[in-house]
Amino acid sequence: MNMSRRQRLQLVRGGIYALTIAALALLIISVDWGALGGALFKWDVVKKQFPDILTSALRNTIIFTIFGFIGGLSLGLLLAIMRLSKSKPYRWFAATYIEILRGVPLLVTLLILGFGIPIATGWSWPNPYLQGAVPLALVAGAYIAETVRAGIEAVPRGQMEAARSLGMSYTRAMVTVIIPQAFRIIVPPLTNEFVLLIKDTSLISVLGVTERTLDLARFGRNGVNDSANATPLVVAGLVYLALTIPLTQLAAWMERRSKVGRR
Amino acid sequence: MSEPLVELRQLHKSFGDNHVLRGIDLSVAKGEVLCIIGPSGSGKSTLLRCVNLLEHPTGGQVFVAGVELTHRDCDIDKARRATGMVFQQFNLFSHLSVRDNVTISLRKVLKMKRAEANARADILLDRVGLGDKASAYPAQLSGGQQQRVAIARALAMEPSVMLFDEATSALDPELVGDVLGVMRELAEEGMTMLVVTHEMGFARNVADRVIFMDGGVIVEEGKPSQVINEPREERTKKFLANVLEN
C-alpha cells in the first residue's frame, strides 16, 4: 500500500481517537452512576455541609492562608535582601534557611514545629491559629524569598545606579525604587505562591486542631466520618477550586498583559 | 586661577586583570564644559562614573566641590548630591510618573514637602520643554523626551556639576537634537559639565575643552578647534577620521 507520511499520520491519529472514544463509552456503560453519585455527591449530604463549610471551614482556611502569606512575604522579602547582600554571613544564612525549609516536606516541618518543639521545650503555642500559621509562614517565606530575589534581579541595574547618583543610600534606593518595581514583576508568580499556600493549609489539621480552627480539608474529612459518605470531601474540593481557579486565571491574565505591555 | 570644581589625581581603575584607567590627572573649573571623546573601551565612561563613585577607583583621588570622595570617611551618599548624572539608557524610574521621577530625590533625600518639590519639578520640566508631560509615565514618552526628563531629574538636586554619559547614543537620530539643545542651554547658563559623547558637532560648538582618551589614558587635550580640527597625536587623527567619515 502506498501512503504518504501525512496520510499514515492521519490514519494513526484517527485510530487513537476511535480507541479513546470506545474506552470512554465502555467506562460510561459499566459504571453504576447512581451508586457513584450517591457515594460522592449525595444531595442531602451536600446540603448538610452548608453553611458551616463557608462560615467556619472556609473562614479558617482563609485565616491560615492570609497569616501564612503576610508572614511569608515579610520573611521572604527579608531573606531575599539578605541573599543579595554584600555581607557573606547574611548571604550564607539566607541560603541555608531557604535550602532547608524548601528541602523538608511541609508536613514534617509542621510536625516538628507544632509538636516537636513544644514537647522538647515544655513551651506551648499560645494560640491554635499560630501553631498552624507560623510554620506555614516560615516555609512560605523560603519559597517567596526566591521569587522576590528573581524579581529584584530582574530590575535593570541602571535603576539602582540612577537612584544612587541622586544621593539615595542603598537602602533608600531599594525601598523607593527597586522593590516597588520588583513587585510589579513578581505579582503573577506571587499569586501562584498564594494558591499553593491555600492548598498547603490543608496539612495544618495534622496538628489536631480544635473545633474552632477546623479548615476545609479537615471539615471534609470529619464530614465523611459523620455521614459515612465521601460527599463532604468532594464539596470541600469544590470550595478549594472556587478559591484557586479565579486566582490562577488572574495570574495568567496578569502575565499575558505584562508580556504585551513590555516593549 | 580658582580651585577646580572637579579634580582627579592619578586615577586608576581595574576590573580584575583589565586595567581600564591608567593614571588620569584632570581638573575641571567651575562653569567649564569638558567633552570626553575616544573609541569604545577607552575608559571614558569609567572615568565619568568614577567622578560620582558609581565605580570605585582602585587608586588615586577624586575631589568634587572641595570634598574628597575617595576619602575613607566621606559620606558618599551626601557627596553625590554635588553631581547629577545622565545615562545612556535614561534609567527613568518606570513605576513613577514624570513629575515623581523629578521629585523623588527631593522628597526622599532632602525631605522636601511634596508641594514644594512639585513646584520645583514643574519649573524644571518647563525648562526641558516637557511641562505638559508631568503626569505621563516614562513608557509613554519617546527616547528623547525620556532623556530630557532624566536631565530635569538630575538638575532637581541642584548639583554643581553635571555628568553626561553618552546621553544621546541610544536615541533615534531625529531625537538627538532636542536633547543636545537642552544640554547646550545648560552650558550657556554656566553649568559645569563633563560630557562623554560621540557628537563631534556638540563638542566642537559647545565644549570649552576636549580630551581624547585611548587605552585608559588622556592622549590629547585642548580647545575643541585644536583637538578636533588639528589633532597632533596619531591616535586622535585616526579616531577622528573614523568618526567624521560616518
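In what follows, every chain begins at residue 1, and chains take the letters A, B, ... in the order their sequences are listed.
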B/His95, B/Lys78, B/Met85: which one forms the most heavy-atom pairs within less than 4.5 Å of chain A?
B/His95
Hey, does the side chain of B/Asn52 reach the backbone of A/Ser165 with a donor-acceptor pair shorter than 3.5 angstrom?
no
Side-chain donor or acceptor of B/Lys30 paired with backbone N/O of B/Thr192 under 3.5 Å
no
With only heavy atoms counted, which part of A/Arg164 is less than 4.5 Å from chain B, the side chain, the backbone, both or neither?
both
So for B/Lys108, is it side chain, backbone, both, or neither that comes closer than 4.5 Å to the heavy atoms of chain A?
both
Does any heavy atom of chain A fall under 4.5 Å from the side chain of B/Phe93, the backbone, both, or neither of them?
both
B/Lys111 atom NZ, over 12 foreign heavy atoms within 6.0 Å:
yes
Can you confirm whether the side chains of A/Asn60 and A/Thr213 place a donor and an acceptor under 3.5 Å from each other?
no
Checking B/Arg49 against chain A: side chain, backbone, both or neither under 4.5 Å from a heavy atom?
side chain
Is there a donor-acceptor pair closer than 3.5 Å between any side-chain N or O of B/Thr58 and the backbone N or O of B/His12?
yes
Quick check for you: among B/Ser94, B/Gly84, B/Ala154, which has the greatest number of heavy-atom pairs under 4.5 Å with chain A?
B/Ser94
Output the residues of residues 70-88 of chain A for which the shortest heavy-atom distance to chain B is under 4.5 Å, in residue-number order; output 'none' if no such residue exists.
none
How close do B/Gln88 and B/Gln147 get, heavy atom to heavy atom, and via which atoms?
O-NE2, 4.0 Å
B/Leu92, part contacting chain A, at a heavy-atom distance under 4.5 Å:
backbone
Is there side-chain contact between A/Phe219 and A/Val239, with heavy atoms separated by less than 4.5 Å?
no
For B/Thr70 and B/Val62, indicate whether the former's side chain and the latter's backbone hold a donor-acceptor pair under 3.5 Å.
yes
Side-chain ion pair, A/Arg221 and A/Asp215, N-O less than 4.0 Å:
no
